[in-house]
Amino acid sequence: MEQPTAAAGPADGLKSGDEEAGGMATIFVAYGDHDERETVLAFAAERAAASGDDLYVYHAQEDHEQPEPLREEVAAVIERTAPAVEYETSIDVPDVESDLTNVSKQKRLLDAILGTDREFAYVVMGNVERGPVERLALPSMTEAVLESRGVPVVLVPV
């Protein structure tokens with residue numbers, strides 16, 4: 001197993017390094033809550049390394065999750081996969097729940113992709129296989145992004 005090296009910058013910001021103006025695109029990575037999320041991030045990091053792009057890693061935090069371990073997990077995957085790739089990690093912490101702020105994870109994800117001044121080259125996300133009952137009961141993050149038609153999507157089978 002390859003030993004990770006020390007991170008070159010903070011896990012929650014762009015890694016240090018000189019950026020040439022206009023030379024890079026940004027790949028949006030939907031860092032989900034499934035078991036294979038590290039595989040999806042590694043795929044995106046490899047693509048970013050090959051193309052010279054940077055990553056914007058987004059995660060919609062669940063109530064039981066703590067932000068710092070998520071940031072460390074993201075940093076470890078990128079350091080192990082493509083240490084030269086610049087990245088930013090965004091952990092979307094839900095507001096205190098009320099009728100006005102109780103927003104679905106799908107809406108939060110779409111807002112992160114489309115509701116910003118940033119233009120993403122494409123979105124990378126996991127395509128989690130679900131059974132027929134799950135498809136009826138659980139809304140799909142993938143379908144929400146695909147139906148938005150706002151940005152190209154690359155699906156990683158997990």
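From a predicted model like this one, the values you see are computed outputs, not experimental measurements.
Between Gln61 and Pro67 the shortest heavy-atom distance is OE1-CG, 3.7 Å. Residues Thr81 and Glu46 approach most closely at CG2-CG, 3.5 Å, considering heavy atoms. The nearest pair of heavy atoms linking Arg37 to Asp33 is NH1-CA, 4.0 Å. Scanning both residues, Val57 and Val74, for their nearest heavy atoms gives CG1-CG2, 4.0 Å. Of all non-hydrogen atoms in Leu55 and Ala45, the two that sit nearest each other are CD1-CA, 3.8 Å. In plain terms, the two heavy atoms of Ala30 and Leu109 that are nearest each other are CB-CD1, 4.2 Å.
Here CG of Leu41 is found 9.5 Å from OH of Tyr87. Values are rounded to the nearest 0.5 Å. To the nearest 0.5 Å, the span separating CZ on Arg108 from CD1 on Ile113 amounts to 13.0 Å. For the atom pair CG (Leu114) and CD (Glu119), the distance works out to 11.0 Å, reported to the nearest 0.5 Å.
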Side chain to side chain contact (heavy atoms under 4.5 Å, CB included) between Val145 and Leu110: does it pass, once the steps are laid out?
CA-CA 6 Å; Val145 174; Leu110 287 173; 4.2 Å; yes
Audit row: Phe43, Val154, side chain to side chain contact (heavy atoms under 4.5 Å, CB included) steps and yes/no
CA-CA 10 Å; Phe43 175 90; Val154 175; 3.7 Å; yes
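Counted by atom type alone, Asp92 and Tyr58 present one or more donor-acceptor pairs between their side chains at under 3.5 Å.
Asp53 places a side-chain N or O within 3.5 Å of a backbone atom of Ala25 that can act as its donor or acceptor partner.
Checked against side-chain contact (heavy atoms from CB on, under 4.5 Å), Leu155 has the following partners two or more places apart in sequence or in another chain: Met125, Asn127, Thr142, Leu146, Val153. Remark: Glu36 pairs with His34, Thr39, Val158 by the side-chain contact (heavy atoms from CB on, under 4.5 Å) rule, at least two apart or across chains.
Taking the six-membered ring where the residue is Trp, Tyr31 and His59 present perpendicular rings, their angle passing 60° and hence far from 30°.
Both the sub-6.0 Å distance and the 45° axial angle are not jointly satisfied by Arg118 relative to the ring of Phe120.
Two residues are said to be in side-chain contact when any heavy atoms from C-beta on lie closer than 4.5 Å; Tyr122 and Arg47 meet this criterion.
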